[in-house]
Amino acid sequence: MESKQVVARKKAIITVDGLAFKDLNGDGQLNPYEDWRLPIEDRAKDLLNRMNTREKAGMFILTDKPMGISVEDGEPTSHDGIISEVEKDHEHPMSRTV
């Protein structure tokens with residue numbers, strides 16, 4: 001099987017059978033959901049089995065707004081364009097009266 005180019009900014013790269021994979025959970029092992037050679041369905045099932053209820057529920061609040069390099073110039077973002085938080089209260093905190 002031909003190795004894919006694997007690049008990671010935050011996670012370690014592990015090598016298995018001469019192929020590169022992202023070690024997404026940092027355990028130093030190649031887990032099924034990290035193995036790009038496996039069918040998507042198998043990877044998704046493995047990942048879901050590892051997630052707790054809170055993590056699964058959190059998937060419902062993900063936004064479909066562009067992030068990172070997909071953000072248009074001038075569009076408000078935070079964290080160097082990683083995530084758009086333009087509608088969050090902390091960007092325009094209400095003044096407190098004492």
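On a predicted model such as this, the values are computed, not experimentally measured, just so you know.
Considering CZ of Arg43 and NZ of Lys45, their distance stands at 14.5 Å, rounded to 0.5 Å. Note that CG of Leu47 is 9.5 Å distant from CD of Glu34, once rounded to the nearest 0.5 Å. Atom CG of Leu19 sits about 12.5 Å away from atom CD1 of Ile13, to the nearest 0.5 Å. Atom CG of Asp27 is separated from atom CD1 of Ile14 by 7.0 Å, given to the nearest 0.5 angstrom.
Under the 3.5 Å distance criterion, the side-chain polar atoms of Asp35 are matched with a main-chain donor or acceptor of Arg37. The main-chain N or O of Ala20 is found under 3.5 Å from a side-chain atom of Trp36 such that the two form a donor-acceptor pair.
The minimum heavy-atom distance linking Arg50 with Asn25 is given by the pair NH1-ND2, 4.4 Å. In this structure, Gly28 and Asp23 approach most closely via the heavy-atom pair N-OD2, 2.8 Å. Closest non-hydrogen pair, Tyr33 versus Asp46, comes out as N-OD2, 3.0 Å.
In the hydrophobic clustering of this structure, Ile40 does not group with Leu24; members are Ile, Leu, Val, Met, Phe, Trp, Tyr whose side-chain heavy atoms approach within less than 4.5 Å, directly or through other members.
In this structure, Leu48 and Met51 have side chains that are in contact, with non-hydrogen atoms separated by less than 4.5 Å.
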